[in-house]
Amino acid sequence: MIEYVKTILQKVSFSTYLFERELRKGLRLILPDEVEEFKDWCYQMFGKVHKTILNRYFQPAI
């Protein structure tokens, strides 16, 4: 399922609104043990463009 979510995010990354919506949906679909890998991939692929959105959904532990 994680590969499916990655594909969708790549296709909608042109739009901030669509990216955030699909990221939210994708986080519900992937397994809990895949979240860290997914987080790293998201920041690597979209960190420059959608960093604010990513920070909202992947808040660092304090």
Enquirer: Who pairs with Lys6 by side-chain contact (heavy atoms from CB on, under 4.5 Å), at least two apart in sequence or on another chain?
Expert: Ile2, Glu3, Glu37, Phe38, Trp41
Enquirer: I'd like to know if Tyr57 and Met1 are part of one continuous hydrophobic network [Ile/Leu/Val/Met/Phe/Trp/Tyr, side-chain heavy atoms within less than 4.5 Å].
Expert: yes
Enquirer: Val35: what forms a side-chain contact (heavy atoms from CB on, under 4.5 Å) with it, not counting sequence neighbours?
Expert: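 Partners of Val35 under the side-chain contact (heavy atoms from CB on, under 4.5 Å) test: Ile30, Phe58.
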Enquirer: For residues Met45 and Leu29: do they belong to one hydrophobic cluster (side chain heavy atoms under 4.5 Å, members Ile, Leu, Val, Met, Phe, Trp, Tyr)?
Expert: yes
Enquirer: At what distance, to the nearest 0.5 angstrom, does CZ of Arg24 lie from CZ of Phe19?
Expert: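 Output value for this atom pair is 12.0 Å.
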Enquirer: With heavy-atom distances below 4.5 Å as the criterion, would you say the side chains of Leu23 and Cys42 are in contact?
Expert: yes
Enquirer: Do Tyr43 and Asn55 come within less than 4.5 Å of each other through their side chains, counting heavy atoms only?
Expert: yes
Enquirer: So how far is it from Arg21 CZ to Ile53 CD1, rounded to the nearest 0.5 Å?
Expert: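 That separation rounds to 12.5 Å.
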Enquirer: Should Glu20 and Arg56 count as an ion pair when the cut-off is N to O under 4.0 Å?
Expert: yes
Enquirer: Could you tell me which residues satisfy side-chain contact (heavy atoms from CB on, under 4.5 Å) with Phe14, sequence neighbours excluded, listed by chain and number?
Expert: Leu18
Enquirer: Testing the basics here: between Glu22 and Val12, what is the closest heavy-atom pair and its distance to 0.1 Å?
Expert: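 Residues Glu22 and Val12, closest heavy atoms: CG-CG2, 3.9 Å.
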